[in-house]
Amino acid sequence: QVQLVESGGGLVQAGESLKLSCAASGLTLSQYAMGWFRQAPGKEREFVAAISRLGRNTYYRDSVKGRFTASRDNAKNTVYLEMNSLKPEDTAVYYCVGSVAPTSRLSDGPVDYWGQGTQVTVSS
């Protein structure tokens, strides 16, 4: 059974940082493009970041470029999202995802696995 378990969310002030982790089990992480989506209250779920199987390529939505960094450690079966210079508009539940699709398609392509989400709240 595949599980993606996020951790590291919390309440921070604008300008501060958080690092999310996603612990994967039940799959061979290196076979999957991994990524992060988020959903704010009353809004649709949106793509945040994706990282290729060996971590060589990353993709980000425009609003987080230069502030967020996706990384992965396949040996530890863990994916990370480092978030700096957080803004109130980054407030959302963040979901870790895994996909067999090409990394470049993760933003609008099929997602095979979802985590349960972790809440990130940024106060102004």
Side-chain angles (χ1 to χ4, degrees):
Q1 181 182 0
V2 175
Q3 282 192 313
L4 301 177
V5 180
E6 302 94 335
S7 61
L11 171 63
V12 296
Q13 293 188 332
E16 295 185 339
S17 300
L18 279 176
K19 187 172 184 178
L20 305 183
S21 297
C22 171
S25 60
L27 55 72
T28 302
L29 195 64
S30 61
Q31 295 179 352
Y32 291 82
M34 299 298 292
W36 296 86
F37 282 69
R38 67 186 181 187
Q39 187 167 21
K43 295 187 177 180
E44 293 188 353
R45 193 172 291 181
E46 63 183 19
F47 167 78
V48 177
I51 184 166
S52 60
R53 287 158 176 74
L54 299 183
R56 293 171 181 166
N57 297 303
T58 52
Y59 303 83
Y60 302 95
R61 70 179 299 104
D62 287 345
S63 61
V64 307
K65 285 180 181 177
R67 301 189 297 121
F68 289 15
T69 303
S71 61
R72 64 193 293 163
D73 186 336
N74 290 340
K76 295 183 177 180
N77 274 3
T78 304
V79 182
Y80 306 96
L81 184 67
E82 184 165 4
M83 306 183 294
N84 299 315
S85 302
L86 282 161
K87 304 176 180 180
E89 51 264 42
D90 294 319
T91 295
V93 177
Y94 283 71
Y95 298 90
C96 176
V97 302
S99 175
V100 297
T103 310
S104 58
R105 288 191 52 208
L106 189 61
S107 60
D108 58 3
V111 170
D112 295 282
Y113 302 110
W114 291 84
Q116 84 289 348
T118 186
Q119 177 70 48
V120 171
T121 303
V122 185
S123 64
S124 56

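With contacts defined as side-chain heavy-atom distances shorter than 4.5 Å, the pair Leu20/Met83 qualifies. Taking the side chain as every heavy atom from C-beta outward, Tyr80 and Lys19 approach each other to under 4.5 Å. The shortest distance between side-chain heavy atoms of Tyr59 and Ser104 falls below 4.5 Å. Taking the side chain as every heavy atom from C-beta outward, Phe47 and Tyr60 never approach each other to under 4.5 Å. Proximity of Arg72 to Asn74: side-chain heavy atoms (C-beta onward) are separated by under 4.5 Å at one or more points.
For the atom pair Arg67 CZ and Ser17 OG, the distance stands at 10.0 Å (nearest 0.5 Å). Interatomic distance, NZ of Lys65 versus OG1 of Thr58, reported as 9.5 Å (0.5 Å rounding). Here the CG atom belonging to Leu106 is positioned 5.5 Å from the OG atom belonging to Ser99, to the nearest 0.5 angstrom.
Shortest non-hydrogen contact noted between Gln119 and Val93 is OE1-CG2, 3.2 Å. Of all heavy-atom pairs spanning Gly8 and Leu18, the tightest one is O-CD2, 3.6 Å. Between Met34 and Cys96, the closest heavy-atom pair is CE-SG, 3.8 Å. The two residues Gly26 and Val2 come nearest to each other via the heavy atoms O-CG2, 3.4 Å. Across all their heavy atoms, Thr103 and Ala50 have their closest contact at CG2-CB, 3.9 Å. Residues Glu6 and Tyr94 approach most closely at OE2-O, 3.9 Å, considering heavy atoms.
A continuous path of hydrophobic side-chain contacts links Leu86 to Val64 [ILVMFWY only; heavy atoms under 4.5 Å]. Transitive grouping of hydrophobic side chains (ILVMFWY, heavy atoms separated by less than 4.5 Å) keeps Val120 and Val97 in distinct clusters. In terms of hydrophobic clustering, with Ile, Leu, Val, Met, Phe, Trp and Tyr side chains grouped at heavy-atom distances under 4.5 Å, Val48 and Val12 are assigned to a common cluster. One hydrophobic cluster holds both Leu81 and Leu4 under the rule that ILVMFWY side chains link at heavy-atom gaps under 4.5 Å.
Between the side chains of Asp73 and Thr78, no donor-acceptor pair of N or O atoms lies under 3.5 Å. At a cut-off of 3.5 Å, with distance as the only test, no side-chain donor of Thr91 or Glu89 sits close to an acceptor on the other residue.
Evaluation of the salt bridge (charged side-chain N to carboxylate O under 4.0 Å, His left out) test over residues 29-38, restricted to residues two or more places apart or in two chains, returns Arg38-Glu46, Arg38-Asp90.
Between Tyr95 and Trp114, the angle of the ring planes goes over 60°, which puts this pair in the perpendicular group of the 30/60° scheme.
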- Query: For Lys87 and Val122, what are the C-alpha separation, side-chain angles and deciding distance, and is it a side-chain contact (heavy atoms from CB on, under 4.5 Å)?
  - Reply: CA-CA 6 Å; Lys87 304 176 180 180; Val122 185; 5.5 Å; no
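Using a distance-only test at 3.5 Å, with no hydrogens or angles considered, a donor-acceptor pair links the side chain of Ser52 to the main chain of Asn57. Using a distance-only test at 3.5 Å, with no hydrogens or angles considered, a donor-acceptor pair links the side chain of Asp112 to the main chain of Val100.
Taking the ring pair (Phe, Tyr, Trp, His ring centres under 6.0 Å) definition, one finds that Tyr113 meets it with Tyr32, sequence neighbours left out.
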